[in-house]
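Inspection log for the structure reproduced underneath, given as structure tokens.
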2 protein chains.
Amino acid sequence: MPRQGLNRDAVVRAAANLIEEKGPAAFSMAALAKFLHVRTASLYNHVDSLQDLYTQVGLLAIRQMVDAEEQAISGKYREDALTALAEAYRAFARDHYHLYRMILAAPKQENPVLEEASFAIVRPIHQVLEEFGVRGAQAVHWQRLLRSFMHGFAAHEIAGGFSHVPLGRDESYRIALEWIAAGLRAAAEEGNHACQNNGSYR
Amino acid sequence: MPRQGLNRDAVVRAAANLIEEKGPAAFSMAALAKFLHVRTASLYNHVDSLQDLYTQVGLLAIRQMVDAEEQAISGKYREDALTALAEAYRAFARDHYHLYRMILAAPKQENPVLEEASFAIVRPIHQVLEEFGVRGAQAVHWQRLLRSFMHGFAAHEIAGGFSHVPLGRDESYRIALEWIAAGLRAAAEEGNHACQNNGSYR
DNA sequence: ATCATAAAACTAATATAATTAGTTTTTAGG
DNA sequence: CCTAAAAACTAATTATATTAGTTTTATGAT
């Protein structure tokens, strides 16, 4: 048994690759073990359980996604940053869609690690909103709108839910983002001279 | 063996109930069989496979959701209809969130049945857009925006992704819908006196 | 160099899952 | 009342995750 030199990280990365390549349906401890030229039981030296492995893969996916987002917006501002962010989000979901699913597929109970990591996904979004001058409570509301839209669009695109009509999805995405950008400008404007009615937004 | 009087429909409904109650993790052919006071193998008289069962449960969920949407908007118009539709969508996802997941969890390959049924989910949305006077290509784009937002919001809410900040999610939802309504009014307006530039939207 | 120890692999076994084949029982219609 | 299809059953197969206990390999201290 020539030692394989595995560790937790290598196992998680291999799992992510395998899931991304063949899909989660084809994934199993046995499949991963075969891929790594190791017996199934050996994986438990590095990983607590299949659930644990899934959690780790989810964390990895989140980190990759946040990286992509931050890279996309670096050096860009306002509308450009918004477009770049949204395009990066969509591209990641499209190109790594098995991984993308695992991010939100994690059960909401427990998993404080994943909870915290998914917090990181919001940071680039808030940065863009900040540039638009949208702050405070408004920033929370608009972050939710933007994130919901991006995720929903990606989810439908992945599931093939937009394919009935051949009309360009790129076009749909662009139009939606333009309207959201207009909303951000309006919200920033409103936020500027709104000091007396601080409690009621809009 | 006092015959249980099962049929395809009863099995599917029981599966849906069981999944909704205990979650998909606790679901299995064995669990369903026990619930129905039947041996596991007997289920295969009514259902081809676990996959088949999942597909059927997904179809059932879609039907229930469309019903809820149509009931919500009946007798309402424009902004009222939009609000009612969105609220019904969100409520369904919240109250039946295990079922809601199965709607989009279906693999995009095969499953023409489910593909067709999910088409029905769009109909109520288009009806609302029609009332706003949004038609043609615009209707497709705005339907995608609205549907993406509703799904994304529901998905994040279900996953607990909005809970970090205690700021009201109801408020966020309301604000977003108001902005979308404004967009629909603008799109309808633009659509009315746009006859020469038919090809480029916005 | 050697050797003790912890980690990393292994073998073997258990429990549970989905699924299929083949058999018996029930029930509804002629 | 009897027959044939449907609905239940038993039993077996294959695959899964997981655990216990064992052997091997590196590595770091002597």
How about B:His96 and B:Phe92: are their ring centres within less than 6.0 Å of each other? yes
Under-3.5 Å N/O pairs linking protein and nucleotides 3-6 of chain D:
unit_1: D:dA6; atom_1: N3; unit_2: B:Arg3; atom_2: NH2; d: 3.3

Under the ring-ring contact (aromatic ring centres under 6.0 Å, His included) test, which residues partner A:Phe27, sequence neighbours left out? none
Grab the CG-C1' distance between A:Asn7 and D:dA26 for me, whole Å please. 15 Å
On the 0 to 90° scale, with breaks at 30° and 60°, tag the B:Trp179-A:Trp179 ring pair as parallel, tilted or perpendicular. parallel
Could you check how far CG of A:Asp48 sits from P of D:dA17, rounded to whole Å? 15 Å
Separation of A:Leu36 atom CG from C:dC10 atom C1', in whole Å? 16 Å
Donor-acceptor pair present, A:Asn45 side chain and C:dA9 base, under 3.5 Å: yes
Using the benzene-type ring in the case of Trp, are the ring centres of B:Phe153 and B:Phe162 under 6.0 Å apart? yes
How close or far is atom P of C:dT25 from atom CG of B:Leu6, stated in whole angstroms? 19 Å
Which atoms of nucleotides 10-16 of chain D (N or O only) lie under 3.5 Å from a protein N or O atom, and what are those distances?
unit_1: D:dT10; atom_1: OP2; unit_2: B:Arg39; atom_2: NE; d: 2.9

Whole-Å distance between D:dT18 P and A:Leu43 CG? 11 Å
Would you find a donor on one side and an acceptor on the other, under 3.5 Å apart, between the side chain of A:His156 and the backbone of A:Gly152? yes
Output the distance between atom CG (A:Leu59) and atom CD (A:Gln64), rounded to the nearest 0.5 Å. 11.5 Å
Measure from the ring center of B:Tyr173 to the ring center of B:Phe149 and say whether it is less than 6.0 Å. yes
Using a cut-off of 6.0 Å, state whether more than 12 heavy atoms not belonging to B:Arg94 lie near its atom CZ. yes
